[in-house]
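Since the structure comes first, as structure tokens, the remarks are kept for the end.
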Amino acid sequence: APDTFEGKTFVLTSDIDLNNQHWTPIGYWETFNGTFDGQGYTIKNLRHHGTEEDCYVGLFGYAENATIKNVTIENVDMKLVGNASWAGGHMGALVGALEGTSVIENITVKGDVKIEGDLTMAGAGRIGAVVGGNATSVALKNVVVDANEGSYVKGNNAIGGIAGQLQGVISFEDCSSNIDVTAQQFYAGGIIGLAPAKTSFTNCS
């Protein structure tokens, strides 16, 4: 069985430039259950372009019961196209799919940010500038999207300036986003595209 890194902590010790090379997400069709502490460093020029076999895309593709904190992502270029009914969704600069009880804290996404699912496909949903979709209980604290003009998040449904669609008990605290959001079919929001009943927003803009 693959190692989910449960109980393990990873720390970033310098800035990283990914040079717009094709990025394979951490926890790509697997799951990351550990803690990632960026220690305030920046990861820049994150790029992933995929086809119909693709979803769960971000710096982390799929994370569960995870803590991801203290990192800046600068310049993001993600695009998924294709005609598989389920494909093209669960996409965010930080995490594509987030499950379980997780904490997302002290995250900034900035610069030129372009995140796009196939507008015509129903599967191209749950797309956000920071987090894509799913969840059970997630706290997002001090999450900021400060994107350059011309940046966007686009998809078919459940598209948000921070998160696409999160389910369960969700809290946004000290969160803000300035990015343009487009949902071709339904559910678009400046903070979250589709939020459950048990969602709290504190000091968000």
Side-chain angles (χ1 to χ4, degrees), residues 15-23 25-26 38 40-50 54-61 68-82 88-98 104-121 123-133 140-166 172 174-195 201 203-205:
D15 295 334
I16 295 177
D17 187 348
L18 298 176
N19 286 313
N20 290 307
Q21 298 297 306
H22 183 77
W23 174 253
I26 301 162
Y41 290 106
T42 297
I43 296 171
K44 68 179 183 179
N45 301 321
L46 173 64
R47 183 180 187 274
H48 181 103
H49 282 207
D54 225 352
C55 64
Y56 307 137
V57 172
L59 180 68
F60 291 83
I68 303 174
K69 60 186 180 180
N70 306 330
V71 69
T72 293
I73 301 176
E74 182 177 0
N75 302 337
V76 180
D77 178 9
M78 293 180 181
K79 188 170 185 178
L80 298 182
V81 295
H90 296 90
M91 185 165 39
L94 187 70
V95 187
L98 187 63
I104 304 296
E105 188 170 13
N106 299 333
I107 304 296
T108 299
V109 175
K110 69 178 187 178
D112 295 323
V113 180
K114 296 182 178 180
I115 300 175
E116 183 176 357
D118 194 326
L119 296 182
T120 65
M121 300 305 299
R126 300 179 179 177
I127 301 171
V130 182
V131 176
L140 300 100
K141 303 175 186 175
N142 192 29
V143 176
V144 173
V145 178
D146 184 14
N148 292 342
E149 191 169 348
S151 296
Y152 54 76
V153 182
K154 297 179 181 178
N156 183 274
N157 61 85
I159 314 298
I162 289 180
Q165 176 183 353
L166 297 175
F172 290 88
D174 299 325
C175 294
S176 65
S177 179
N178 68 345
I179 199 166
D180 289 346
V181 175
T182 301
Q184 179 75 11
Q185 197 166 19
F186 46 77
Y187 305 142
I191 297 289
I192 184 168
L194 179 58
F201 300 92
N203 193 30
C204 293
S205 62

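When reading the values below, keep in mind they use all heavy atoms of this one structure, side chains included, and skip hydrogens, waters and symmetry mates. Every value quoted in this text rests on a predicted model; they were computed, and no experiment measured them.
Between atom CG of residue D146 and atom NZ of residue K110 there is a gap of 8.0 Å, rounded to the nearest 0.5 Å. Here Q165 contributes atom CD and I192 contributes atom CD1; the two are 8.0 Å apart, rounded to the nearest 0.5 Å. Atom-to-atom distance recorded for N20:CG and H48:NE2 is 13.5 Å, nearest 0.5 angstrom. Here I191 contributes atom CD1 and L140 contributes atom CG; the two are 10.0 Å apart, rounded to the nearest 0.5 Å. Note: E149 CD to D180 CG = 8.5 Å, rounded to the nearest 0.5 Å. Separation of atoms NZ (K141) and CD (E105) is listed at 5.0 Å; rounding is to 0.5 Å.
Across all non-hydrogen atoms, the minimal contact from V145 to A129 is CG2-CB, 3.9 Å. In terms of heavy-atom proximity, D17 sits nearest to K44 at OD2-CE, 3.4 Å. G89 and C55 make their closest contact through O-CB, 3.2 Å (heavy atoms, listed as atom of the first residue, atom of the second, distance). The minimum heavy-atom distance linking A97 with Y56 is given by the pair CB-CD2, 3.5 Å.
Here the side chains of V131 and I162 are not in contact, with every heavy-atom distance at 4.5 Å or above. Between M91 and L80 the shortest side-chain heavy-atom distance falls below 4.5 Å. Within the 4.5 Å cutoff, the side chain of F60 has no heavy atoms near those of the P25 side chain. A heavy-atom distance below 4.5 Å is not found between the side chains of V109 and L94.
D118 places a side-chain N or O within donor-acceptor distance of the main-chain N or O of T120, the cut-off being under 3.5 Å. Counting only distance, with no hydrogens or angles, the side chain of W23 and the backbone of L59 share a donor-acceptor pair below 3.5 Å.
No option in I107, I16, T42 other than I107 meets the side chain to side chain contact (heavy atoms under 4.5 Å, CB included) test with V71.
Within the structure, side-chain hydrogen bond (donor to acceptor under 3.5 Å, both in side chains) pairs that include any residue of residues 71-82 comprise N45-N75, H49-D77 (at least two apart or interchain).
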Would you list the atom pairs, donor with acceptor, under 3.5 Å between side chains in residues 150-161 and any protein atom, with sequence neighbours excluded?
unit_1, atom_1, unit_2, atom_2, d
S151, OG, G111, O, 3.4
S151, OG, V113, N, 3.0
S151, OG, N148, O, 2.8
N156, ND2, L119, O, 2.7
N157, ND2, A122, O, 2.9

Pair L98-I104, side chain to side chain contact (heavy atoms under 4.5 Å, CB included): steps then yes or no: CA-CA 10 Å; L98 187 63; I104 304 296; 3.9 Å; yes
CA sep, side-chain torsions, deciding dist, call: M78, L46, side chain to side chain contact (heavy atoms under 4.5 Å, CB included): CA-CA 8 Å; M78 293 180 181; L46 173 64; 3.5 Å; yes
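With sequence neighbours excluded, the residues forming a side chain to side chain donor-acceptor pair (under 3.5 Å) with N203 are D174, listed by chain and number.
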